[in-house]
Amino acid sequence: MALIVQKFGGSSVANAERVMNVARIITDTYKEGNNVVVVVSAQGDTTDDLIEKANEINPKASKREMDMLLTAGEQISISLLAMAIESLGYPVISLLGWQAGFETNSAYGSARISTVKTERLQKELDQRKIVIVAGFQGLNKYEDLTTLGRGGSDTSAVAIAAALHADRCQIFTDVTGVFTADPRKVENTQKLNDITYDEMLEFATLGAQVLNNRSVEMAKKYNVELEVLSSMVREPGTIVREVAKMEKMLIRGVTKDTDIARISVVGIKDIPGNAFKMFSKLAAKGINIDVILQSVGRDGTKDISFTCASSHADEAVEILNDIYSMEGGVVTSDTTVAKVSIVGAGMQSHSGTASKMFGALYEAGINISMISTSEITISVLIDKELADKAVSAVHKAFFG
Ligand code: ASP
Ligand code: MG
């Protein structure tokens with residue numbers, strides 16, 4: 001008998017019909033003789049709607065009360081899903097995060113899971129019940145409800161799979177797997193049969209909204225094999241795992257991130273320690289820096305540019321103005337940029353990948369303003385309006 005964890009996102013349980021569809025997927029898995037634990041998110045746009053409701057009353061509500069509110073979304077979906085499974089005649093129980101043993105730190109709104117105490121889960125499974133768990137939530141040491149941050153249900157599912165040593169963790173969503181580029185925007189995309197954790201992390205971080213990146217980090221850490229698949233179309237999805245028998249593909253995909261800003265600091269003193277000062281101040285405020293470019297010094301001054309999430313742009317500008325306006329540095333932020341990246345563990349051992357990407361952009365008439373590389377990515381910064389065109393051009397160069 002295998003133990004299977006299945007996670008269904010908000011769109012998969014958005015209405016009664018979809019809840020019934022999900023109930024059938026679950027009971028089919030159970031019928032085959034498996035034990036099944038299910039993690040579910042709030043229905044459709046419920047979480048956004050709850051946030052809006054809160055904003056109407058108090059836009060500065062405390063994070064504790066926000067968590068108290070937002071956890072309600074998942075309480076609705078677990079009970080409805082359990083009722084659907086009851087109606088099909090199967091033994092089932094729904095559990096809130098704390099009932100399923102989720103203990104977290106006290107960071108309301110972005111709590112980290114400290115442990116999953118599995119006694120209750122195990123007890124229900126031993127009675128051959130299908131267990132439905134509310135994703136995205138836990139309990140802190142003050143016995144207050146916490147949430148794990150937006151999209152946190154993926155992480156809940158992986159945490160349960162790790163704690164119970166599940167045989168498989170299936171993440172059901174509205175796409176049939178991970179593709180070489182966004183199939184809604186790019187022609188001739190291919191679904192990947194498998195992908196490594198590191199590649200998947202790049203996809204997640206670079207803005208391909210398939211899996212929450214904390215869930216992928218956790219899956220990697222605890223070696224939980226994930227499958228990303230569709231709840232609407234029953235076909236095998238994409239497996240995320242450490243290299244097993246990977247397809248011989250140099251590049252796994254092309255992705256873009258349009259929620260970024262380029263911050264430039266022009267005319268700062270060309271002395272040792274400036275980059276250190278700048279980035280440590282930003283790090284202290286939790287601002288993640290990505291692509292960095294420093295100019296050659298001239299006349300005793302130099303320029304530094306970098307990218308960060310557009311949501312952090314204003315704060316970054318403020319911090320840097322505090323440091324540099326006194327010495328004549330000019331700080332600007334530009335949100336008309338996008339980052340386009342290719343991802344693939346295979347590129348480590350292969351030359352010519354960068355030139356192929358740059359060639360494709362050149363032929364499409366797209367100017368590159370910054371470049372950065374890692375072992376498994378090459379990223380370029382370009383005009384945001386050209387992002388889709390760039391992804392298509394680069395995808396065509398690598399995948400035809
Ligand atoms: N319902 C939560 C959200 O919308 C958690 C999740 O969907 O994973 O962020
Ligand atoms: Mg949701």
Side-chain angles (χ1 to χ4, degrees), residues 5-15 18-19 22 26 37-55 61 63-82 94-100 102 104-105 107-113 116 132-140 144-162 169-175 178 200-201 203-205 207-219 224 226-232 237 240 259 309 311:
V5 174
Q6 298 185 320
K7 182 259 167 179
F8 296 90
S11 60
S12 298
V13 291
N15 54 40
R18 290 191 181 176
V19 170
V22 164
I26 296 166
V37 179
V38 176
V39 172
V40 66
S41 314
Q43 291 185 287
D45 297 328
T46 302
T47 309
D48 292 314
D49 295 344
L50 290 171
I51 292 171
E52 217 176 289
K53 269 196 191 4
N55 285 340
K63 288 186 175 166
R64 184 206 182 266
E65 297 310 329
M66 283 308 289
D67 279 1
M68 187 61 100
L69 177 69
L70 297 189
T71 48
E74 273 70 15
Q75 180 160 1
I76 296 171
S77 50
I78 56 167
S79 48
L80 291 176
L81 182 55
S94 66
L95 299 174
L96 290 170
W98 67 269
Q99 294 175 300
F102 275 83
T104 72
N105 69 7
Y108 300 102
S110 56
R112 299 241 162 200
I113 300 165
V116 183
I132 313 286
V133 178
F136 173 59
Q137 54 174 259
L139 199 71
N140 68 15
D144 277 343
L145 297 174
T146 52
T147 66
L148 308 179
R150 296 307 305 271
S153 302
D154 290 345
T155 311
S156 308
V158 174
I160 289 187
C169 182
Q170 297 182 308
I171 310 283
F172 288 85
T173 166
D174 48 11
V175 292
V178 182
M200 192 63 228
L201 265 176
F203 274 116
T205 334
Q209 306 285 331
V210 196
L211 278 177
N212 172 285
N213 51 7
R214 261 169 72 185
S215 72
V216 184
E217 279 165 8
M218 187 181 284
V224 175
L226 301 176
E227 181 180 11
V228 178
L229 70 176
S230 163
S231 61
M232 319 294 170
V240 189
D259 289 326
S311 58

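Start at 1 and go down the list; that is how both ligands and their atoms are numbered.
Residue contact check: Arg150 has heavy atoms under 4.0 Å from atoms 3 (C), 4 (O), 9 (O) of ligand 1. For ligand 1, the atoms sitting less than 4.0 Å from at least one non-hydrogen atom of Ser41 are 6 (C), 7 (O), 8 (O), numbered in the order shown with element in parentheses. Ligand-side atoms of ligand 1 in range of Glu74: 1 (N), 2 (C), 5 (C), range being under 4.0 angstrom from any heavy atom. Taking a cut-off of under 4.0 Å to the non-hydrogen atoms of Gly151, the atoms of ligand 1 that pass are 3 (C), 5 (C), 6 (C), 8 (O), 9 (O).
Close N/O approach between Gly149 and ligand 1 is not found [any backbone or side-chain N/O within under 3.5 Å]. The shortest N or O to N or O distance between Lys7 and ligand 1 is not below 3.5 Å. Any N or O atom pair closer than 3.5 Å counts here, and Thr47 shares at least one such pair with ligand 1.
Under the 4.0 Å criterion applied to side-chain N and carboxylate O atoms, Asp48 and Arg150 are assigned as salt-bridge partners.
For the ligand labelled ligand 1, residue Gly135 lies outside the 4.0 Å heavy-atom shell.
The side-chain contact (heavy atoms from CB on, under 4.5 Å) search around Asn213 returns Leu201, Ala204, Thr205, not counting sequence neighbours.
In this structure, a donor-acceptor pair under 3.5 Å is present between the side chains of Ser41 and Ser153.
Atom CD of Gln43 sits about 7.0 Å away from atom CD1 of Ile76, to the nearest 0.5 Å. Here the CG atom belonging to Leu145 is positioned 11.5 Å from the CD atom belonging to Glu74, to the nearest 0.5 angstrom.
The shortest distance between side-chain heavy atoms of Asp144 and Asp67 does not fall below 4.5 Å.
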